[in-house]
Amino acid sequence: IILIISLFPSAFAQNYATLVVTRFFGGGASSVSINIVGGSISDVWYGDKARSLPMSLFGFTSVVGIALGPFIGSAIVAIHKTAPWRWIFYIQIIYLTGLLPIFWFILYETRADVILTRRAKKLRKEKQRPIYAEAELDNTSVWRLMQISFERPTRMLLTEPVVAFFTLWISFAWGILYLFFSSVVQTFSTNYGMNTLQTGCIQLAISVGALIGTLVNPLQDMLYLRSAKRNKEKPGKPIPEARLYTSIIGSLLFAGGLFWYGWASFPSVPWIVPTLGIGATGIGIYSIYMAVVNYLTDAYEKYAASALSAASLGRN
């Protein structure tokens with residue numbers, strides 16, 4: 001709701017200062033949605049095998065969104081010649097407002113503590129007996145709970161080496177991706193005479209790469225589950241580091257795709273060649289993203305949302 005409210009003054013802003021302030025609140029509000037997905041998935045699908053497909057689809061939508069933004073933006077620029085940037089906010093207002101009632105009625109609470117508390121309250125009312133959930137016996141104030149919500153991801157980022165280094169990894173990759181992405185319009189318009197909409201379509205190669213990564217991901221899950229046979233420390237449980245196999249190949253594809261795009265971006269080279277480099281980069285960033293999300297979710301199952309929000313802070 002705060003995100004939708006913040007988009008209105010952004011859309012109708014008459015000066016730069018208004019945009020800066022409203023984008024600040026919009027960024028804070030929108031980050032909530034991506035941070036809770038990993039936690040919700042770990043609540044609903046318990047165990048490594050059950051969680052693999054939902055996490056894979058979540059990773060797919062996250063990476064696809066990177067390319068869909070420029071594509072939709074280029075379509076807006078092609079249609080609305082005057083003040084196209086305002087339409088970027090108008091469209092967000094339209095679809096987010098449309099999704100709000102769907103989320104409200106379809107998305108249910110997934111956190112065990114909250115569900116048990118509601119069930120206990122219902123039983124107390126029906127049975128007239130002193131039935132309480134464990135969470136109800138905790139007298140921590142709302143203010144303190146909010147404090148913990150802010151403190152935990154920060155503490156994990158600063159004191160947990162796994163969170164810190166994975167955050168550095170995904171943050172560096174994400175930053176490089178966006179720097180590289182901003183060059184695509186200039187490269188293809190200069191070398192191949194493409195218009196804004198055509199360069200937007202070229203950027204969809206990242207989405208194709210993410211789709212290929214999603215189709216290959218079951219192989220990674222298979223390797224991960226098979227690692228349970230080799231786990232001598234906890235027999236029968238997969239080794240967490242086995243989540244990282246495809247990210248090794250993905251990291252090479254990410255770096256290789258960037259060089260491929262850079263070395264092939266000449267007017268004499270067909271446009272499809274650097275575009276394939278963008279696709280390879282898409283496979284790479286998907287593999288890196290999935291490695292970070294899955295590994296942190298497995299390592300900090302109860303506090304998955306906090307670990308992921310720490311990584312998300314660095315990434316964004």
Side-chain angles (χ1 to χ4, degrees), residues 34 37 52-79 88 91 95 169-170 172-223 243-267 269-294 315-316:
I34 197 163
V37 175
S52 292
L53 181 60
M55 275 297 191
S56 177
L57 294 173
F58 168 49
F60 171 69
T61 57
S62 299
V63 178
V64 162
I66 298 170
L68 279 178
F71 170 68
I72 294 169
S74 65
I76 292 168
V77 170
I79 297 165
I88 292 170
I91 287 171
Y95 76 72
W169 184 25
I170 190 67
F172 179 74
W174 222 253
I176 292 291
L177 181 74
Y178 274 100
L179 281 170
F180 141 74
F181 230 48
S182 63
S183 74
V184 171
V185 174
Q186 185 182 359
T187 299
F188 282 84
S189 59
T190 304
N191 290 348
Y192 304 106
M194 292 187 177
N195 59 36
T196 306
L197 185 58
Q198 287 171 325
T199 57
C201 291
I202 291 290
Q203 286 165 308
L204 287 175
I206 286 279
S207 298
V208 176
L211 179 61
I212 294 167
T214 306
L215 295 174
V216 173
N217 199 60
L219 174 63
Q220 164 60 69
D221 293 335
M222 185 181 72
L223 293 170
R243 285 281 193 196
L244 309 176
Y245 289 132
T246 53
S247 69
I248 298 167
I249 300 163
S251 295
L252 294 171
L253 277 172
F254 180 70
L258 293 173
F259 280 109
W260 182 348
Y261 163 77
W263 288 336
S265 293
F266 293 97
V269 179
W271 64 268
I272 192 66
V273 180
T275 304
L276 289 170
I278 297 171
T281 306
I283 299 171
I285 195 66
Y286 173 84
S287 303
I288 294 169
Y289 183 74
M290 286 308 301
V292 171
V293 169
N294 278 323
R315 193 175 75 246
N316 289 316

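- Put simply, the side chain of Phe254 does not reach to within 4.5 Å of the side chain of Ile283, judged on heavy atoms.
- In this structure, Gly59 and Met290 approach most closely via the heavy-atom pair CA-SD, 3.5 Å.
- Taken to the nearest 0.5 Å, the CD1 atom of Ile278 stands 11.5 Å off from the OG atom of Ser207.
- The line from CD1 of Ile79 to OG of Ser74 is 9.5 Å long, rounded to the nearest 0.5 Å.
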Arg315 and Trp174: CA distance, side-chain angles, deciding distance, side chain to side chain contact (heavy atoms under 4.5 Å, CB included) verdict: CA-CA 6 Å; Arg315 193 175 75 246; Trp174 222 253; 3.1 Å; yes
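- Atom CG of Asp221 sits about 11.5 Å away from atom CE of Met55, to the nearest 0.5 Å.
- From Phe58, atom CZ reaches atom OG1 of Thr214 across 12.5 Å, with rounding to the nearest 0.5 Å.
- Pairing each heavy atom of Phe181 with each of Pro70, the nearest pair is CE2-CG, 3.6 Å.
- Put simply, the side chain of Ile91 reaches to within 4.5 Å of the side chain of Ile76, judged on heavy atoms.
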Full working for side chain to side chain contact (heavy atoms under 4.5 Å, CB included) between Phe60 and Asn217: CA-CA 10 Å; Phe60 171 69; Asn217 199 60; over 6 Å; no
Test Leu177 against Ile206 for side chain to side chain contact (heavy atoms under 4.5 Å, CB included), laying out the working first. CA-CA 10 Å; Leu177 181 74; Ile206 286 279; 3.9 Å; yes
Worked verdict on Ser247 versus Trp169 for side chain to side chain contact (heavy atoms under 4.5 Å, CB included): CA-CA 11 Å; Ser247 69; Trp169 184 25; 3.6 Å; yes
Show the numbers, then the answer: is there a side chain to side chain donor-acceptor pair (under 3.5 Å) between Tyr261 and Ser183? CA-CA 11 Å; Tyr261 163 77; Ser183 74; 2.9 Å; yes
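- In this structure, Met222 CE and Tyr245 OH are separated by 11.5 Å, a value rounded to the nearest 0.5 Å.
- A donor and an acceptor atom, one from each side chain of Thr187 and Tyr192, are nowhere located under 3.5 Å apart.
- Residues Arg243 and Ser52 form a side-chain contact, since some pair of their non-hydrogen atoms from C-beta on lies under 4.5 Å apart.
- Side-chain contact annotation: Ser56 with Tyr286, donor-acceptor N/O pair under 3.5 Å present.
- Scanning all heavy atoms of the two residues, the minimum distance from Ala210 to Val63 falls at CB-CG1, 3.7 Å.
- Counting all heavy atoms, side chain and backbone alike, Phe188 lies closest to Thr199 at CB-CG2, 3.9 Å.
- Between the CG atom of Leu253 and the CD1 atom of Ile248 there is a distance of 12.5 Å, given to the nearest 0.5 Å.
- Two residues are said to be in side-chain contact when any heavy atoms from C-beta on lie closer than 4.5 Å; Ser189 and Asn195 fail this criterion.
- Shortest non-hydrogen contact noted between Trp260 and Val273 is NE1-O, 3.0 Å.
- The two residues Thr246 and Ser287 come nearest to each other via the heavy atoms O-CB, 3.8 Å.
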